[in-house]
Amino acid sequence: MASDLERSIVARRSSIGQLTTLLLSSIVLLSCGVAIRFSEAASTRQRPGDVNDVGSYFAIEMEDGALRSPELIKKYGYPVESHEATGADGYIISLTRIPPRNDRHQIPILLVHGLLASSGDYLIIGPNNSLAYLLADQDYDVWLADMRGNRYSQRHTRLNSSSPEYWDFTWHEMGYYDLPAVIDYILQLTGARQLDYIGHSQGTTVFFVMASSRPEYNEKIAHMYALSPAVCLKRVRSPPVRWLLQHVFALKDLFDAFGVQQFLPHSNQQYEISRILCPVSDPNNLCMQIVSMTVGPNPKMTDMMAMQILVGHDPAGASVKQMLHFAQLQHTGQFRQFDYGRRNNTERYSHWKPPAYNLSAVSAPITIFYAFNDWLIDPRDVLRFSRMLPVQPTMHLVEDENFNHLDFTMAKNARTMVYEHILSDLERRERTNSTK
């Protein structure tokens, strides 16, 4: 009897916690990364059998939202492999590989997603448009990582993802443990000496954690392409995200009260509720308005079917502590490890302040892509960050003045504005290296 009651309490707490998280997120969703995408995407997804009256700019199909990343790759005729890398602290990271058809290129390419996102972000807008497919078409060895805590990477050598202990991590651990394990695994399996790295938003944050705190890994990076780097966040322009950041500690108390450690896990409930709140027939529905206020408005480059498909992939889950770390980053304006408070910091770090990441140790060559209309990562913050690096990175301001944070993975013109520049640079670097 006691066991049944205990299970009932746990189930109820989990349900209330998820609902609380969902309701909050529908209003204020979300800092750095996919930014409120699930609400926008859910507004456009239809159940099987629904009449789809929304055309698409991309060569994609409605069922894509129900497919996992490996299934999506296989569907569009590409070879696919599933791999795993285990970090030093026991977290098991899922890797999806699109192996090359030949050995034309010597350097593999690793793609890392943003906050609350997944490997699917580099696949959703389909062949001829998504970055992973474009790279595979050029015979690159493409690797997609799913960072700890998202829908694909919730395994550990000893912890269960249902335990609070499992969720006691931020993006610091991703950069310090996960990325080195992933890089070492790829290089060992392929026999390559270096790899190219492409990250979006949080995918850049974790890279700079690694490159600054484990500088020996800079030597394993041939080139790093940073899409909207989330390191300096002082000038967040999004009203709902600013509200979230201002009330983050009150929200933490609420999450603690309900025993919630995971923020926006992958869930059918979230899709169902958001679908009701935001009908696809209304292009100006509440979700679309909130998305515009969150990532920056750019309706002309938004594909409704792609957004409908996206809800099947994101949100993919994150730890509440992850969100708090981003909030601390924004409040202080400093790129530091997690702040546990003066007393705990002293015990953990031997100083009352959390250590700053030593960006002067970053030596890998870097190209930064940033956008004028990105309301999460302000261009002025990107420029400030670029000046903190010891070697001046190559800076590329996206030519479309309406390009926003989400557009780096979902816009109709993402290929022309961003991806073709990366492909051209990869070819240029390869030609240069071949003549040496």
Side-chain angles (χ1 to χ4, degrees), residues 69-70 73 78-88 91-113 119 122-123 130-148 152-153 174-200 203-204 206-227 361-368 391 393-394 419 421-436:
S69 291
I73 293 168
Y78 292 83
V80 62
E81 298 174 2
S82 295
H83 297 261
E84 291 179 339
T86 302
Y91 286 80
I92 300 172
I93 309 306
S94 294
L95 300 169
T96 302
R97 181 191 192 189
I98 307 177
R101 291 169 293 183
N102 56 54
D103 297 327
R104 186 158 65 96
H105 306 290
Q106 302 301 312
I107 299 178
I109 300 180
L110 173 62
L111 282 66
V112 181
H113 59 79
S119 53
Y122 293 109
L123 302 165
S130 280
L131 183 54
Y133 295 131
L134 292 173
L135 291 167
D137 289 341
Q138 297 298 318
D139 297 323
Y140 287 101
D141 188 0
V142 181
W143 292 78
L144 304 166
D146 281 287
M147 305 309 287
R148 68 171 70 187
Y152 296 112
S153 294
M174 295 179 187
Y176 194 84
Y177 296 111
D178 297 353
L179 276 190
V182 167
I183 290 170
D184 287 342
Y185 180 91
I186 294 172
L187 296 183
Q188 182 178 4
L189 188 141
T190 62
R193 188 177 64 85
Q194 293 181 312
L195 57 75
D196 284 319
Y197 185 103
I198 302 174
H200 174 233
T204 70
V206 297
F207 175 88
F208 289 110
V209 168
M210 179 193 73
S212 59
S213 58
R214 303 190 68 173
E216 66 274 17
Y217 278 86
N218 285 283
E219 298 299 320
K220 301 183 180 185
I221 305 299
H223 202 94
M224 191 276 187
Y225 298 92
L227 313 183
V362 179
S363 59
I366 296 165
T367 297
I368 292 177
V391 179
T394 300
Y419 303 160
H421 292 283
I422 295 176
L423 292 168
S424 296
D425 192 62
L426 289 169
E427 293 176 5
R428 178 194 61 77
R429 287 175 40 231
E430 194 164 35
R431 286 196 305 268
T432 301
N433 292 334
S434 66
T435 59
K436 291 181 179 180

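No hydrogens, no waters, no symmetry mates; every other heavy atom, side chains included, goes into these values.
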Quick one: closest heavy-atom pair of [X] and [Y], and the distance?
X	Y	result
Arg97	Leu189	NH1-CD2, 3.5 Å
Tyr419	Leu131	CE1-N, 3.7 Å
Ala85	Leu95	CB-CD1, 4.1 Å
Leu187	Arg193	CD1-O, 3.7 Å
Glu427	Tyr140	N-OH, 4.1 Å
Ser212	Val362	N-CG2, 4.1 Å

Report yes or no: does [X] contribute a side-chain atom to a donor-acceptor pair with the main-chain N or O of [Y] at less than 3.5 Å?
X	Y	value
Asp139	Pro100	no
Tyr152	Ser69	yes
Asp196	Ala222	no
His113	Met147	yes
His223	Leu426	no
Ser153	Ser94	yes
Asn218	Ala364	yes
Arg101	Pro79	no
Ser130	Leu123	yes
Gln106	Ala192	no

How about [X] and [Y]: do any of their side-chain heavy atoms sit closer than 4.5 Å?
X	Y	result
Tyr122	Thr96	no
Tyr91	Met174	no
His200	Leu111	no
Thr190	Leu195	no
Val142	Tyr78	no

Does atom [atom1] of [X] have more than 12 heavy-atom neighbours, drawn from other residues, nucleotides or ligands, at distances under 6.0 Å?
X	atom1	value
Glu219	CD	no
Gln188	CD	no
Arg104	CZ	yes

Ring centroids only, cut at 6.0 angstrom: are Tyr197 and Phe207 within range, meaning strictly under it?
yes
Atom [atom1] in [X], atom [atom2] in [Y]: separation rounded to 0.5 Å?
X	Y	atom1	atom2	result
Arg431	Asn433	CZ	CG	11.0 Å
Lys220	Leu110	NZ	CG	13.0 Å
Ile422	Ile198	CD1	CD1	4.5 Å
Ile109	Gln138	CD1	CD	10.0 Å

Tell me, with the steps shown, if Asp103 and Asp141 meet side-chain contact (heavy atoms from CB on, under 4.5 Å).
CA-CA 9 Å; Asp103 297 327; Asp141 188 0; over 6 Å; no
Name of the residue among His83, Arg148, Glu84 meeting side chain to side chain contact (heavy atoms under 4.5 Å, CB included) with Ile93:
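When side chain to side chain contact (heavy atoms under 4.5 Å, CB included) is applied between Ile93 and each of His83, Arg148, Glu84, only Arg148 qualifies.
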Residues Tyr225 and Asp425: side-chain donor-acceptor under 3.5 angstrom:
yes
Which is it for Val182 and Val112 under the side-chain contact (heavy atoms from CB on, under 4.5 Å) test, yes or no, and what are the steps along the way?
CA-CA 11 Å; Val182 167; Val112 181; over 6 Å; no
Geometric class of the Tyr185/Trp143 ring pair [parallel <30°, tilted 30-60°, perpendicular >60°]:
perpendicular
Tyr133 and Ile73: CA distance, side-chain angles, deciding distance, side-chain contact (heavy atoms from CB on, under 4.5 Å) verdict
CA-CA 8 Å; Tyr133 295 131; Ile73 293 168; 4.3 Å; yes
Which is it for Ile183 and Ile221 under the side-chain contact (heavy atoms from CB on, under 4.5 Å) test, yes or no, and what are the steps along the way?
CA-CA 9 Å; Ile183 290 170; Ile221 305 299; 4.0 Å; yes
